[in-house]
Amino acid sequence: MDNPKITAPEPVRVRFAPSPTGYLHIGSARTALFNWLFAKKTKGKFILRIEDTDIKRHIENAIQLIINSLKWLGINWDEGPDIGGNYGPYRQSQRIEIYKEYAEKLIAQKKAYYCFCNQKKSEEKFNSKINIINDNYNNSSNIANITYENDITKINKIKNVGNCECIKLTKEQIKENKKKNLPYAIRFLTPKNYLISFNDLVYGKIKVNSDVLEDFIIIRSNGLPTYNFSVVLDDILMEITHVIRGEDHISNTPKQILIYNSFKKNLPKFAHLPMIIGEDGEKLSKRHGSISIEAYKEEGFLPEAINNYMALLGWSYDEKTTIFSTNDLINKFTLEKINKKPAKFDYNKLLWFNGHYIRNSKPKVLEKLIHDKFLSKIKDKENFIKKLPQLIPLIKPRIKTINEAEKFILPFFNDIDYTRIKNEFDTLDIKLYLNIIREAVLNIQSIKKEDFNPQNTEKYLRELSAKNNIHIKKIAETLRFAIWGSKVSPPLFETIALLGKDKTLDRLTKFEEFLKNIV
RNA sequence: GGCCCGUUCGUCUAGGGGUUAGGACAGCAGAUUUUCAAUCUGCCAGCAGGAGUUCGAUUCUCCUACGGGCUACCA
């Protein structure tokens with residue numbers, strides 16, 4: 001039987017629910033993006049909720065880091081810890097009483113029970129108890145007549161994982177334990193031998209027998225809820241209609257469905273996203289290098305490029321389109337086109353996207369990014385600010401990240417250290433270099449300051465080439481060393497023109513001296 | 001181990017009972033060029049294996065292999 005209960009009311013309400021254990025990384029960011037796109041596309045609400053129920057893993061400023069990264073990506077939310085909303089609070093640590101209250105309801109209905117065990121390995125605990133507990137069930141003790149929604153149909157196949165021995169505790173024993181202040185957790189009582197099935201919007205129908213699920217903890221002995229309990233409660237209370245999250249949560253979904261059922265609540269629609277994995281094929285983690293959004297921001301990636309790339313990890317639109325502005329994504333996004341195959345994260349492709357977006361960005365935008373990034377590293381700041389707009393077109397096609405602009409910016413405004421390039425030229429060529437420089441100086445000097453533009457510098461240097469029968473390539477090479485300190489530079493004539501007559505001559509002279517000294 | 005999920009070029013993917021299996025990144029080659037890029041052109045490269053269904057299977061079914069996830073008082 002198909003799930004009759006997966007009907008979600010309009011309008012759509014989706015959430016991104018990170019746990020604040022560190023930076024926002026690519027995997028989570030992609031989940032956030034897909035939720036956000038879906039909300040935008042359907043004109044629904046996107047909610048940010050912080051799942052901070054694990055004190056041990058909590059990192060204090062992580063919430064702010066996550067918020068910053070999301071904002072930087074352009075992902076905004078309608079309700080969240082920072083802006084509030086009608087379903088708050090939006091930090092689970094501020095909802096502890098709610099979880100307790102609902103857990104007690106389950107206990108009252110005998111759908112959960114207190115557990116006074118120490119925190120030992122569940123394996124040793126469960127294994128030996130199976131028979132006893134099954135007997136317990138068969139003897140129709142006080143827990144045997146628990147009823148569940150009938151949309152989980154009975155099947156008969158798998159060995160029961162079992163209950164905790166604490167299920168046998170009498171009311172009196174529990175009272176006594178509590179009086180003694182013994183710490184206790186609350187376990188969910190998993191129904192026996194039921195087929196739990198749900199229809200995943202991406203993966204299709206998924207079925208699990210409830211007997212593979214042990215009686216899992218829903219409230220820890222420290223009073224905090226566990227993930228599987230708090231997500232469900234919050235998703236119910238916040239009226240989430242679509243749960244869009246990583247595929248690693250498929251295995252958790254059956255437990256969660258049990259909880260929905262125990263509260264007689266309708267299921268949201270589930271859409272699980274294929275994992276993003278590292279080069280080694282494993283779940284993306286810190287081991288895989290810079291995967292945090294923050295790191296990409298620092299490296300000089302553009303948010304549009306990252307969004308575009310992330311969207312294509314597990315989703316596609318048609319057979320040819322690869323470039324999607326964030327707006328395109330909103331317009332074209334559909335859950336139906338999400339695929340099931342885990343995607344390897346490919347840094348190279350991200351780089352290509354970024355290069356594309358840099359090449360296509362407005363000069364002003366690029367100018368600001370480069371200005372902000374490099375101003376502190378520039379000696380001649382005034383000149384930098386003045387010349388930058390003209391520099392942008394030279395740099396644009398040559399960089400894939402903003403940081404890469406460094407090698408086109410610094411040589412322009414800072415002094416050149418010729419000793420660094422000593423090994424790049426053949427000592428046999430030095431005589432020729434000196435020759436060229438001497439001629440070039442004369443040539444350049446003869447250009448009037450007001451005529452000092454790319455066209456003229458090119459004209460004069462080509463004349464020099466023709467007159468002295470030296471190939472223009474050799475001249476360019478020499479001048480590049482002199483004015484740029486490298487064999488590679490932005491287009492030479494433009495660079496010379498931008499550098500200006502004085503600075504060009506100055507560098508030529510300095511290079512000449514340098515060459516003379518090493519002969 | 002158990003349960004769940006997956007498998008189309010190296011990578012991201014399109015496709016779907018009959019296709020020269022399409023695109024993009026990377027790689028390679030060429031064009032352009034004052035270098036490096038950018039750009040343009042071309043090339044290389046793929047349906048995990050085995051059964052079954054079928055006139056025909058990469059596509060549907062089953063099995064195997066491989067990979068991943070979960071199996072916590074993590075999320």
Side-chain angles (χ1 to χ4, degrees), chain A residues 17-21 28 51-54 56-57 92 115 117-123 158-159 161 183-187 200 202-204 206-209 211-214 216-228 230-231 245-255 272 274-275 277 279 281-283 309 312-323 337 339-353 355-356 359 394-400 404 407-408 458 461-462 465 471-477 479-480 484 486-493 495:
Chain A
S19 64
T21 55
S28 316
E51 310 222 324
D52 53 349
T53 57
D54 182 5
K56 285 179 223 121
R57 295 205 308 157
Q92 291 189 328
C115 172
C117 298
N118 299 327
Q119 297 178 215
K120 54 185 168 185
K121 270 263 167 72
S122 23
E123 278 173 41
I158 301 151
K159 188 170 76 173
V161 179
Y184 62 87
I186 298 177
R187 281 185 191 278
D200 192 277
V202 174
Y203 286 86
I206 292 170
K207 300 177 240 181
V208 178
N209 185 299
D211 283 356
V212 302
L213 271 23
E214 80 280 6
F216 51 95
I217 303 273
I218 55 176
I219 302 284
R220 301 173 173 103
S221 49
N222 65 6
L224 298 180
T226 55
Y227 166 73
N228 282 123
S230 53
V231 243
R245 67 210 330 178
E247 187 242 67
D248 48 341
H249 287 293
I250 285 186
S251 313
N252 289 320
T253 308
K255 288 180 186 171
H272 287 93
M275 303 301 282
I277 56 184
E279 291 291 325
E282 280 173 39
K283 200 175 170 179
Y309 176 65
L312 261 15
L313 251 24
W315 176 85
S316 61
Y317 177 66
D318 60 16
E319 51 184 44
K320 37 186 64 154
T321 320
T322 49
I323 298 299
K337 295 287 280 180
N339 67 24
K340 306 175 191 179
K341 191 189 153 192
K344 270 189 191 141
F345 179 76
D346 183 356
Y347 182 79
N348 245 328
K349 192 149 184 177
L350 209 211
L351 260 187
W352 177 82
F353 272 108
H356 173 89
R359 269 173 262 132
L394 302 189
I395 298 175
K396 222 180 188 183
R398 269 164 259 268
I399 56 172
K400 288 198 162 71
E404 283 176 21
K407 61 175 182 280
F408 297 109
E458 175 162 12
L461 289 173
R462 285 197 188 276
S465 164
H471 200 286
I472 189 72
K473 286 190 184 196
K474 209 65 200 175
I475 293 175
E477 183 185 317
L479 295 204
R480 232 173 239 120
W484 198 256
S486 163
K487 220 171 190 168
V488 176
S489 79
L492 186 65
F493 309 121
T495 306

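Per chain, numbering begins at 1; letters A, B, ... match sequence-line order.
Residue Arg480(A) places no side-chain N or O under 4.0 Å from the OP1 or OP2 atom of rC36(B). A sub-4.0 Å separation between OP1 or OP2 of rC3(B) and a side-chain N or O of Lys255(A) is absent. Between rU13(B) and Asn339(A), a contact under 4.0 Å exists linking OP1 or OP2 to a side-chain N or O.
Separating the NE2 atom of His272(A) from the P atom of rG69(B) is a distance of 15 Å, rounded to the nearest angstrom. Between Tyr184(A) atom OH and rC73(B) atom P there is a gap of 17 Å when expressed in whole angstrom units.
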Taking N or O atoms only and anything under 3.5 Å, show me the protein contacts with nucleotides 21-28 of chain B, one pair per line.
unit_1, atom_1, unit_2, atom_2, d
rG22(B), N2, Glu319(A), O, 3.2
rA24(B), N3, Lys349(A), NZ, 2.9

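The side-chain hydrogen bond (donor to acceptor under 3.5 Å, both in side chains) search around Thr321(A) returns Asp318(A), not counting sequence neighbours. Residues forming a salt bridge (charged side-chain N to carboxylate O under 4.0 Å, His left out) with Arg462(A) (at least two apart in sequence, or on another chain): Glu458(A). Legend: residues meeting salt bridge (charged side-chain N to carboxylate O under 4.0 Å, His left out) with Glu51(A), ordered by chain and number and at least two apart, are Arg49(A). Residues passing the side-chain hydrogen bond (donor to acceptor under 3.5 Å, both in side chains) test with Ser489(A), sequence neighbours excluded: Arg480(A). Phe408(A) pairs by the ring pair (Phe, Tyr, Trp, His ring centres under 6.0 Å) definition with nothing, not counting sequence neighbours.
Among the protein residues, Lys407(A) comes within range of no part of the nucleic acid, since none of its heavy atoms lies under 4.0 Å from any strand. Thr53(A) comes within contact range of the sugar-phosphate backbone alone, with a heavy-atom separation under 4.0 Å but no base atom that close.
For the pair Val488(A) and Lys407(A), the minimum side-chain heavy-atom distance is 4.5 Å or more.
Checking rG42(B) for Watson-Crick or G-U wobble geometry (two distances, each under 3.5 Å) identifies rC28(B) as its partner.
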